[in-house]
Q: 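Submitted below is the structure of interest, expressed as structure tokens.
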Amino acid sequence: MEGMSRLLVCPPDYFSIDYEINPWMRMSNRVDPDRARAQWHELMNVLGSQAGAVLERLAPVPGLPDMVFTANAGVVVGRRAVPSRFRHPERRREEPYFEAWFQSHGYEVTRLEEGLYFEGAGDLLGVPESPQPLWFGGYRQRSEMRAYTRLGDLFECEIIPVELVDGRFYHLDTCFCPLSGGDLLYYPPAFDRYARVVIEDRVCEARRLVVAEMEALRFACNAVCIGRHVALPAGCPQTVQLLQEHGYETHAVALDEFMKAGGSAKCLTLALD
Ligand code: ARG
């Protein structure tokens with residue numbers, strides 16, 4: 001399947017820290033635009049040239065500094081797209097642009113009711129190669145649990161809601177990364193007790209790759225897996241070793257400019273298939 005992955009991305013032309021909506025963001029911590037651009041291009045080089053993904057570019061919009069984080073555009077399953085309904089008004093302004101992209105690219109767009117918070121593939125992630133299609137939906141910090149009842153009906157699949165209890169890990173993709181081989185890279189303390197038990201029940205021990213706290217705090221789990229390739233933020237050597245032991249080819253990319261907004265590799269992409 002390598003070379004067949006399509007990812008939606010958005011260049012960081014207007015990326016900056018203009019507000020604070022998660023514990024990582026500090027308006028005093030200014031983005032270096034040249035560094036951000038170079039880091040983003042390096043990630044695109046890894047994903048496109050090295051891992052063989054097809055990159056679809058969305059035009060950035062002035063005044064929408066978090067639009068680079070296309071994981072939050074919505075979720076795509078087959079030809080159907082469900083655009084996000086952001087919790088914070090600062091990001092709600094991105095919704096029409098993401099929705100217009102899905103519309104103009106031939107997706108069947110289903111909109112959730114207003115006021116039902118759901119932040120797309122940042123919070124809803126599928127585990128591939130399980131006997132049944134199995135999805136996990138993070139809630140409490142950004143998306144709401146009741147969104148998953150609605151989405152499970154829509155996609156006719158089982159979505160297991162998992163509660164996120166640590167504000168630093170406010171989207172599921174900051175602490176949970178399903179990998180192509182059926183493995184799961186994750187950071188258990190970000191979840192409540194019940195969610196940890198459910199994850200352990202659904203993913204066998206040999207396939208659970210537990211990330212160390214120090215590297216979880218560098219967003220080691222915010223990785224992009226394409227076939228056997230995994231792109232992850234630099235500064236996570238234990239996670240790199242863990243992934244390599246499980247047969248993955250790792251690509252560490254410096255993405256610290258995006259950490260200033262509370263995002264890293266995975267947040268900068270949206271899987272389109
Ligand atoms: N500043 C953005 C926010 O707080 C970062 C989003 C990161 N996206 C993600 N999928 N984790 O919404």
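What you see is a predicted model; the values in this text were computed from it and never measured. Both counts, for ligands and for their atoms, begin at 1 and track the order of listing.
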Q: Identify the closest protein heavy atom to atom 5 (C) of ligand 1: which residue and atom is it, and at what distance?
A: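 Going atom by atom, the protein heavy atom closest to atom 5 (C) of ligand 1 ends up being Tyr170 OH, 3.3 Å.
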Q: Looking at every non-hydrogen atom in both residues, tell me the closest pair between Val31 and Ala36 and how far apart they are.
A: CG1-CB, 4.0 Å
Q: Which atoms of ligand 1 have any heavy atom of Ala71 under 4.0 Å away?
A: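 Those qualifying, in numeric order: 10 (N).
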Q: Check ligand 1 against Gly122 and write out every atom of the ligand that is under 4.0 Å from a heavy-atom position of the residue.
A: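 Answer, ordered by atom number: 10 (N).
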Q: Does Arg79 count as lying over the ring of Tyr107, i.e. NZ or CZ under 6.0 Å from the six-ring centre, within 45 degrees of the axis?
A: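 Yes; both conditions hold, so Arg79 lies above the ring face of Tyr107.
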Q: So if you build clusters from Ile, Leu, Val, Met, Phe, Trp, Tyr with side-chain heavy-atom gaps below 4.5 Å, do Phe118 and Tyr97 land together?
A: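 The answer is no; the residues belong to distinct hydrophobic clusters.
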Q: For Lys266, which part has a heavy atom under 4.0 Å from ligand 1: side chain, backbone, both, or neither?
A: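 Within the 4.0 Å criterion, Lys266 makes no contact with ligand 1.
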Q: Are the aromatic ring centres of Tyr139 and Tyr148 under 6.0 angstrom apart?
A: no
Q: Test your reading of the structure: does Ala261 have an N or O sitting under 3.5 Å from an N or O of ligand 1?
A: yes
Q: Quick check on contacts: which atoms of ligand 1 are under 4.0 angstrom from a heavy atom of Ile21?
A: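 Taking each heavy atom of Ile21 in turn, ligand 1 has 3 (C), 4 (O), 12 (O) under 4.0 Å.
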Q: Less than 3.5 Å apart, any donor N or O on the side chain of Tyr187 or Asp166 sitting next to an acceptor on the other?
A: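 On atom types as modelled, these side chains do not qualify, holding no pair under 3.5 Å.
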Q: Hey, can you tell me if Phe86 and Phe98 have their rings parallel, tilted or perpendicular (30° and 60° cut-offs)?
A: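 The rings of Phe86 and Phe98 sit tilted, inter-plane angle from 30° to 60°.
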Q: Nearest to atom 10 (N) of ligand 1, what protein heavy atom do you find, and at what distance?
A: Asp173 OD2, 2.8 Å
Q: Stepwise, does the salt bridge (charged side-chain N to carboxylate O under 4.0 Å, His left out) test hold for Lys260 with Glu257?
A: CA-CA 6 Å; Lys260 294 175 180 175; Glu257 290 298 327; 2.9 Å; yes
Q: Does Asp66, backbone or side chain, put an N or O under 3.5 Å from an N or O of ligand 1?
A: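 Yes; at least one N/O pair falls below 3.5 Å.
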Q: Does Glu119 reach ligand 1 with a nitrogen or oxygen that is under 3.5 Å from one of the ligand's nitrogen or oxygen atoms?
A: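 There is no such contact.
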Q: Numbering the atoms of ligand 1 from 1, which are under 4.0 Å from a heavy atom of Arg142?
A: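 Under 4.0 Å from Arg142, ligand 1 has these atoms: 3 (C), 4 (O), 12 (O).
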Q: Return the residue, atom name and 0.1 Å-rounded distance of the protein heavy atom closest to atom 8 (N) of ligand 1.
A: Asn72 OD1, 2.9 Å
Q: As an exercise, identify every atom of ligand 1 less than 4.0 angstrom from a heavy atom of Met25.
A: 1 (N)
Q: If the test is side-chain hydrogen bond (donor to acceptor under 3.5 Å, both in side chains), which one of Lys266, Glu119, Gln141 qualifies with His171?
A: Glu119
